[in-house]
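Presented below is the structure to which this report refers.
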Amino acid sequence: MKYLIIGSCIAAAGAVEGIRSIDPEGEITVIDGEQRGCYSRPLISYYLTGRRTSSQLDYRPADFFAQQRVRIIPGRAASIDVICKQVLLQDGTGLEYDRLLLATGASPVIPPIPGITQSWVNTFYTWQDAEEISAQTAAKGTAVVLGSGLIGLKAAEALHHMGMKVVMVEKQSHILPRLLSPRSAAAVGGHLQRHGLKVVTGHEVVAVGNHEVAVDDGSSIAADLLIIAVGTRPNQDLAREAGLQTDRGIIVDCHLRTSDPHIWAAGDVIESRHIVRGTDEVMALLPLAHREGFIAGLNMAGSRTRYPGGIFLNAVHILGMHIITAGDPETTGSILRWQEGERCLELTMQGQNLHRYIAINIPGISGPLTALIERQVKIPESEWFKFLRNPAIANLPAAYWAEVRRWQDDGSLRCG
Amino acid sequence: MKIQSNSEYCLGCGLCRIYCAAAHDGYNGSVIRAFKKGTPQARAGLIEHQQQSWINTCRHCQDAPCINACITGALQKNNEGIVFIDGQRCVGCLTCVMVCPFGHIQPSLDFSRAVKCDLCRDLAEAPVCVSHCPNGALRLIEEV
Amino acid sequence: MSLSMLTPAFTVERNQDRCIGCGVCVKQCGNSVHHKDEDGFMWVIDKNCVGCHRCAVLCPTQALAIKEFPAALRPNSYWSTSSLREIYAQAETGGVLLTGMGNPRPFRSYFDHLLLNASQVTNPSIDPLREPMELGTYLGSQVSSLGEREKPLLKLDMPIMFSAMSYGAVSLNVQKSLARAAREKGTFWNTGEGGLHSDLQEYAASTIVQVASGRFGVNPDYLNQAAAVEIKIGQGAKPGIGGHLPGEKVSADVARTRMIPAWSDAISPAPHHDVYSIEDLAQLIETLKVATNFEKPISVKVAAVHNISAIASGMVRAGADIVAIDGFRGATGAAPMRIRDNIGIPIEIAIAQVDQRMRDEGIRDQASLVAAGGIRNSADVVKILALGADAVYIGTAALIALGCHLCHTCFTGRCNWGIATTEAQLSKRLNPELGAVRAANLLQAWEHEIKEMMGGMGINAVDSLRGNRLMLKGIGLEQHELDLLGITAAGY
Amino acid sequence: MLRREGDIRIPSGCAIAAIMNRKGERFNGQQILASIAAMHQRSNGLGGGFAAYGIYPEYRDYFALHIFYDDDGARQICERYLQHHFRIKHQEPVPVRQSRRIAGAPLIWRYFARPREDKFYREHIGEEEFVARVVMTINADLRGAFVASSGKNMAAFKGVGYPEDIGEYYRIEEYQAYIWTAHGRFPTNTPGWWGGAHPFTLLDWSVVHNGEISSYSTNRRFLEMYGYKISLQTDTEVIAYAFDFLMRRQGLCLNDVVDVVASPFWSQLEEEKQARLRRKYSGLLLNGPFSIIVATNNGLVALNDRIKLRPLVAALQDEFLYVASEEAAIRVVAQRLDRVWSPGGGEPIVGLLHDKKGLLDVAPSAIQAAQSA
């Protein structure tokens, strides 16, 4: 059996683990476009500040692929011939496959702003981005960060640590718009400003000049560095050109198979089921990427494992503040709040179902809440009121503990 | 391997947590030194619920969500099945904390990294919570 | 009463250099001695302390010391501090002073005035590590000739059994611990007069069931599933009086086991109301033998009182297969203090006298003799066997093995060690798995020690220790005491 | 002042020996004298003695009472007592050969007597039980008198001294017996009392014994319950009574007696009967180191304690059975032996007269094996 994986990151690593858990013999080939092996993108901000060395970016040990007897082909895929079951690389090499996994990931969105292609403008997505930025920050000056999502925040924090003056420009009315409620965003924004970061919300950059950024309110910011962090987009061109069904991302079934029976897809490139919403979403999240890759790997090796879907979940710490949030960011349920100083917990309920929580500086409680969202355990609001008097794990509602016992009893969470 | 907590005999005394805290982070098991000099942190929570109590410790899941979610590969499983954190690799993102359905993994007190039960793999023959439980409510079980 | 003249019995000293404020003491004290404020300030109410040492034992930093409260009353060797305290208490309550466990008064312990023998030169001592050493024995009545059918006997792998302690007086976990240990070590435990709980039926073959004056839990199954049946006439801690398990201890579970209504007082009358004489006892013994198809040995347990030899002789002649005698140090879950501390005689004297009397009457083979009440260690076991007992019952020692610290407040039902209580939150403190190991360890340790002592004497079977009074010498005893014990003085 | 046997318990080490002709042919005491003399170092001059069976054929139906007297006064009292209970056929001093090596000898008399029938009929007991009670009463209650032996057609010759000197004193070479047993004593103090020497006897039971019964007090108190008057505080006395009790009074066969006094360990009991014996007679388990030779008119049994803490060797040659503490003591009187073996702990050597085999119902494996070899 010939397995071919396009992409070498988290989903690919998961897929290799999945395949190998069933098929120790099959021939696995990974096409490594970045030629950097399997590394963890969220760590690049640590790399930028020097807290991590290059080798410490690895998601799996350096010899991981070798250990798993995986052949690494450096290069980028140019096209897929689904009839001949062959992938053509940009250098013209053809690689045949029996089972193909598309783990092509996503790429940063470059907004169509005049002047944005200048050399002092960077995205912040790959380790190469970090190296390039690193080279440009020798002279300490001002950095403008476009977008205040996770990537934007982590970039801002890193640049701040490196001594730059940082200005964040967010088009939406509050920072981390995909993750936070306005109220919690205000708390985060206040925290950033107290640390000296400047946050501009509700405005967008309209043009990029020579070390100058023009904002839509007519002002302009002198900048030595501009980071674009307005979002990512699945790398689904290959799939689309091969005739696979795509939408905002590659469309897969519950076994993570694409519309071609010999091709699976996993990671940031796909649309997958959002458990709470019940719709398919592009959820570019590392934990999901690994899980999808693993299940896709299992299924490529012959299993029929169902991918249950995921939810949005993010843990980010920024300048000492821990923000954890999970669930449906666009939920419109009733909000229960607990706050004590800089710590706050916000639960959004739809009926008896928890749809989202935002935990700021109270990370310890988050795991069970994530589980309750994922499993959509019904808990009346009154129980949550009791819990919120002192939100600690020991005070979680009885239904949670009953659920824990059930996981252990029915093995739905396999514990060893 | 995991620690099984028998709520039928758990007294809720919390000695497990005290000895756990003193065993780690370089306190070498001296309770007085740990608590009088430092800020020791237990690796397990004590749950008291409807007259019952038990210790909320790592199940060392077979398909551990924390390992899958870890962005740095700091969370690993050794060949004894013990899920542990490589402190050198952990950056304290707390993604593992976010995905542990048991709420077992906790941030360190300074939030710089995550801490969890590693069954005292470097310290003692038996996990200190098990050996110090005054009522035998904790057991290290080998089942897989 | 507004003013109590009672100063605390104990004071709790907290070493602040050691205390880490963990609050284990607060959680573990069932008597509300320890308190912790929300701001972490810790304080104590000394007068609630019964000296059970639960807090001190569990304190992870050994920050607690329980000391006698320094009352500093003017020294008076006649009106002791405890005399005064007892009067203050009675003046406040107008009641009988209640207490638990055994007689603590400084009467002479004959065990402590007996020395054992060992072999030197003229004969070799036996090394129990190299040679077999038999502690097994049989209890029951021996037939007069080998031609007769053998009577039912109780086979013990070691001559130590667990005393009767009823479910209700002690927690079910105590019984579970002892039952498991007894089964593991090839000996027996005794239900006491509280019936046999359904959880313990699996240990029936290692169980001696009691028939006491309250007849609690007695039914044909109860009698027939046990290894032996014991008629309890009296116990060493409270000869001549019955028992009273207050209604609040009679939980549904206790009630079911005792076959009485829940939350009702369980009264054991002072006498059996069908045993007003020795001939009545004979009838009860015969009744129980018939009820058990003559397949179980019948034991009769009495307290060691002044005319114990005659009583024991009568019991044997009334058909008892085993005579169990409980000395005045025997313990209880609850007894009036004056009764416990002033009635009965030492087990050493009682056994010496009863054994000799039964031999004089030629009936020693007709019944086995079990000694109870104050057996503290393996040397006590060896000494009482040498004085003439076939086996011993241990109660207090077994409970101490399970954690009892002899605070003497069993009757409150608030035992912090989970022993003398039926309250779920307290009784869970004794994990029967650990309890069974501790109890079995105690037996094993004593077993080893007894073997060592026997080996020293050049004896390799407990058969040859029984009544071997030559192995005992008295020290510091008057001649009449030596005569009572049937031994000679050290050096003679 | 030193106390004598009966006042104090005296542990002692010893040599023992026995020679038996299983056909019942008699031979004189020279061999046993040589045999016990070979073990001179096992005794210390404080006790020696012999039992001889078949020596009084002319009085075979009379109880032969050998009695020590401290003085003539004691003799007169005792003889009045004897005449009250017995018809005495013949009485005389036991002939002795004076020797410088023997001192402090009592007056030694022997009486050939039968119990007065009216006495034991009145007591509803057999004549043997009657004699046993009289003997125990004399030993316990009559000051200055001690019955050294009381069986029919047998006697014990014992005293303070080395056994070879005692044998010479009693002129044992002049007696003809089919069983001889001998004892050389090593007591750990110097009681100097002739009654305390071995063999100890009751009726025709005689016991020579090497060792110390650690269970003495247990055994003694058991026997006392059955009316035995224990007067000497010696193990040997208790052993003799134990055999008497089990065989004469309880009617056990010799095999069963061995299973009582040297019972196998519980874990090694092969038959339920052995377990029953042990349970019923647990007070007669002889515990502690010993080797004993118990003889009767019918034969002898030699036995070690069950873990063999004392030496015991047996040998066969034709109709002769030899037993001794040491092999040398056998070799010195019998150069050619059919078989020599050392019995295991608790494993009896039983030597029976051929015509008595049925009587005791015993055929020990050791001897069978030896005979077939």
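Labels below follow one simple rule: chain letters A, B, ... track the order of the sequence lines, proteins then strands, and each chain is numbered from 1. Any value given below was found using the heavy atoms of this structure, including those in side chains, with hydrogens, waters and symmetry copies removed.
Neither the backbone nor the side chain of C:S368 comes within less than 4.5 Å of any heavy atom of chain D. Contacts between D:R220 and chain C at a heavy-atom distance below 4.5 Å are absent for every atom of the residue. Looking at D:L252, only its side chain comes within 4.5 Å of chain C, counting heavy atoms on both sides. Proximity to chain C is limited to the side chain of D:E272, based on heavy atoms less than 4.5 angstrom apart. With a threshold of 4.5 angstrom between heavy atoms, D:E224 does not approach chain C through any atom at all. Proximity to chain C (any heavy atom under 4.5 Å) is shown, for D:F290, by neither the backbone nor the side chain. For C:V143, the parts lying under 4.5 angstrom from a heavy atom of chain D are both the backbone and the side chain. Neither the backbone nor the side chain of C:E361 comes within contact range of chain D, judged by heavy atoms closer than 4.5 Å.
No side-chain heavy atom of D:T218 sits under 4.5 Å from any side-chain heavy atom of C:L465.
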Show your working on side-chain contact (heavy atoms from CB on, under 4.5 Å) between C:T137 and D:W266 and close with a plain yes or no.
CA-CA 10 Å; C:T137 192; D:W266 288 115; over 6 Å; no
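For the pair D:R279 and C:E150, the salt-bridge criterion is met [side-chain N within less than 4.0 Å of a carboxylate O]. Between D:R306 and C:E134 there is a salt bridge, with a side-chain nitrogen of the basic residue lying less than 4.0 Å from a carboxylate oxygen of the acidic one.
The CG atom of D:L223 lies 10.0 Å from the CZ atom of C:R359; values are rounded to the nearest 0.5 Å. Rounding to the nearest 0.5 Å places CG of D:N287 at 7.0 Å from CE of C:M454. Taken to the nearest 0.5 Å, the CG atom of D:L286 stands 8.0 Å off from the OG atom of C:S464. In this structure, OH in D:Y281 is found 14.5 Å from CG in C:D463, a value given to the nearest 0.5 Å.
Among all heavy-atom pairs drawn from D:S214 and C:G458, the shortest one is OG-O, 2.8 Å. Shortest non-hydrogen contact noted between D:R310 and C:P124 is NH2-CD, 4.1 Å. The nearest pair of heavy atoms linking D:M225 to C:I363 is SD-N, 4.2 Å. Across all their heavy atoms, D:S282 and C:R466 have their closest contact at OG-NH1, 3.0 Å. Across all non-hydrogen atoms, the minimal contact from C:N123 to D:P289 is CB-CG, 3.3 Å.
The only member of C:L470, C:D355, C:N468 that meets side chain to side chain contact (heavy atoms under 4.5 Å, CB included) when paired with D:R221 is C:D355.
No donor-acceptor distance shorter than 3.5 angstrom exists from the side chain of D:K280 to the backbone of C:S145, with no hydrogens or angles considered.
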